[in-house]
Undergrad: 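Structure provided below as structure tokens; questions to follow.
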There are 2 protein chains.
Amino acid sequence: MSESLKKVDVFQAIADPTRRDVLRLLASKERSIAEITSNYDMSRTAIVKHLKVLTEAGLVTGQKLGREKVYHLKLEPLTEVKQWLDYYEQFWHNKLSKLKFLVENENEDK
Amino acid sequence: MSESLKKVDVFQAIADPTRRDVLRLLASKERSIAEITSNYDMSRTAIVKHLKVLTEAGLVTGQKLGREKVYHLKLEPLTEVKQWLDYYEQFWHNKLSKLKFLVENENEDK
DNA sequence: ATAATATGACACCTAAGGGTTTCACATTTA
DNA sequence: TAAATGTGAAACCCTTAGGTGTCATATTAT
């Protein structure tokens with residue numbers, strides 16, 4: 001038993017474009033709430049809510065340093081997404097290469 | 001110009017557990033709406049809505065055969081997810097292998 | 001022809017998601 | 001110590017998500 005207090009599903013956490021963008025921001029370096037917020041055209045409160053979701057999904061953690069709270073990225077939960085994707089990769093190589101060809105060359109069955 | 005009429009983001013489409021499960025069902029074989037519905041404790045109408053979302057994300061397609069409508073899986077949109085994940089894999093191998101070790105062996109920094 | 005089956009199309013409900021503003025409090029900085 | 005900065009927390013709003021039930025219609029099966 002460990003790390004299982006995730007209140008938010010990682011798939012749900014990454015469903016929102018803003019949240020994916022925040023992850024991208026934190027990938028380069030850790031940032032304070034104010035710093036993150038400065039990148040978006042929305043209120044700090046809204047960003048904090050997104051950070052809460054990301055935190056509960058285990059994708060970020062925040063620690064207080066003085067008066068600011070600095071968030072950094074945590075990649076572990078992405079393994080779940082990767083594993084989920086891996087399941088479909090078996091079909092990928094069998095079918096997708098063909099399908100992709102068909103799609104790119106459009107309506108073959110017309 | 002092709003396939004770009006996706007009204008629903010693939011990340012949003014896979015955010016719902018039921019929808020991920022429907023994808024899993026369709027991975028084994030194509031199924032009619034009634035057949036899909038029989039696997040869940042919810043109304044056909046609800047399932048149809050999920051199928052609509054999946055369709056608009058490009059993850060499934062349905063074709064009418066007689067009086068039933070048969071859905072089958074389409075994997076292409078998952079490439080977007082895969083690419084997104086790949087971006088983070090650069091950190092994965094650098095940091096995650098270590099992190100994973102730390103996590104699995106719990107609180108090292110205590 | 002009739003009955004059973006499968007789906008389509010609505011109207012409707014409730015909770016949750018994503019956003020806002022406002023105010024209070026803690027911590028720096030001048 | 002006074003002002004500025006960064007955050008926490010609450011109340012509120014609107015739209016959408018996910019679900020329901022009902023009725024009509026098309027297609028099989030008896």
Side-chain angles (χ1 to χ4, degrees), chain A residues 5-26 29-74 77 81, chain B residues 5-26 29-74 77 81:
Chain A
L5 278 174
K6 290 175 188 166
K7 302 171 183 175
V8 173
D9 187 276
V10 62
F11 288 95
Q12 191 186 331
I14 65 174
D16 186 274
T18 301
R19 284 197 291 267
R20 288 199 301 279
D21 203 70
V22 168
L23 292 181
R24 185 185 57 75
L25 275 181
L26 295 181
K29 66 167 184 284
E30 54 184 30
R31 299 168 197 259
S32 71
I33 294 178
E35 197 178 348
I36 295 170
T37 302
S38 70
N39 289 275
Y40 304 94
D41 188 30
M42 77 180 68
S43 72
R44 172 181 57 87
T45 310
I47 294 296
V48 168
K49 287 189 182 178
H50 284 307
L51 286 170
K52 188 186 175 201
V53 172
L54 290 172
T55 300
E56 290 179 345
L59 283 165
V60 303
T61 49
Q63 67 179 119
K64 262 214 149 174
L65 290 182
R67 71 178 153 183
E68 45 183 45
K69 189 166 185 180
V70 175
Y71 280 85
H72 66 273
L73 195 59
K74 303 254 294 177
V81 180
Chain B
L5 279 174
K6 290 176 189 165
K7 302 171 184 175
V8 172
D9 187 275
V10 62
F11 288 95
Q12 190 187 330
I14 65 174
D16 186 275
T18 301
R19 285 197 291 267
R20 287 199 300 278
D21 203 70
V22 168
L23 293 180
R24 185 185 56 75
L25 275 180
L26 296 180
K29 67 167 185 286
E30 54 184 33
R31 300 168 197 259
S32 71
I33 294 177
E35 197 178 348
I36 296 171
T37 303
S38 71
N39 289 276
Y40 304 95
D41 188 31
M42 77 181 69
S43 71
R44 172 181 57 87
T45 311
I47 294 295
V48 169
K49 286 190 184 180
H50 284 307
L51 286 170
K52 188 187 175 201
V53 173
L54 291 172
T55 300
E56 290 179 345
L59 283 164
V60 304
T61 50
Q63 65 178 121
K64 262 214 149 174
L65 290 181
R67 71 176 153 183
E68 43 186 41
K69 188 166 185 181
V70 175
Y71 279 84
H72 67 272
L73 195 59
K74 303 254 293 177
V81 180

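This structure is a prediction, so every number in the text was calculated from the model and none was measured. The chains referred to below are lettered A, B, ... by the order of the sequence lines, with proteins before strands, and numbering in each begins at 1.
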Undergrad: Let me know the distance between CD of A:Glu35 and P of D:dT7, rounded to the nearest Å.
TA: 9 Å
Undergrad: Using side-chain heavy atoms (C-beta onward) and a distance below 4.5 Å, is A:Arg31 in contact with A:Lys29?
TA: yes
Undergrad: Kindly compute the distance separating NE2 (B:His50) from OG1 (B:Thr37), expressed to the nearest 0.5 Å.
TA: 10.5 Å
Undergrad: To the nearest Å, how far apart are A:Ile47 CD1 and D:dA9 C1'?
TA: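 Nearest whole value for this atom pair: 17 Å.
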Undergrad: Give a yes or no on whether the backbone of A:Arg19 and the side-chain of A:Arg24 come within a donor-acceptor separation of less than 3.5 Å.
TA: no
Undergrad: Taking the basic N atoms (NZ, or NE/NH1/NH2) and the acidic carboxylate oxygens, is any pair closer than 4.0 Å for A:Asp16 and A:Lys49?
TA: no
Undergrad: Taking C-beta and beyond as the side chain, do A:Met42 and A:Ile47 meet within less than 4.5 Å on heavy atoms?
TA: yes
Undergrad: Give the rounded distance in Å between these two atoms: CG of B:Asp9 and P of D:dT16.
TA: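 About 16 Å, once rounded to whole Å.
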Undergrad: Without swapping roles, check the side chain of B:Arg44 against the backbone of B:Ile36 for a donor-acceptor pair under 3.5 Å.
TA: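 No; zero donor-acceptor contacts below 3.5 Å.
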Undergrad: Can you check whether A:Ala15's main-chain N or O pairs, donor with acceptor, with A:Arg20's side chain at less than 3.5 Å?
TA: yes
Undergrad: Heavy atoms within less than 4.0 Å of DNA chain C: which residues of residues 63-71 of chain B have one? Give them sorted by number.
TA: B:Lys64, B:Arg67, B:Glu68, B:Lys69
Undergrad: Rounded to whole angstroms, how far apart are CD1 on A:Ile33 and C1' on C:dA26?
TA: 14 Å
Undergrad: Would you give a per-nucleotide map of nucleotides 9-21 of chain C, 5' to 3', where B means the base has a protein non-hydrogen atom under 4.0 Å away, S means only the sugar-phosphate does, and - means neither?
TA: BB------SSBBB
Undergrad: Do A:Tyr71 and A:Thr61 have side chains that get closer than 4.5 Å, going by heavy atoms?
TA: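 The answer is no, as the side chains (C-beta and beyond) never meet within the 4.5 Å cut-off.
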Undergrad: Nearest whole Å is fine: how far is D:dT16 P from B:Lys7 NZ?
TA: 15 Å
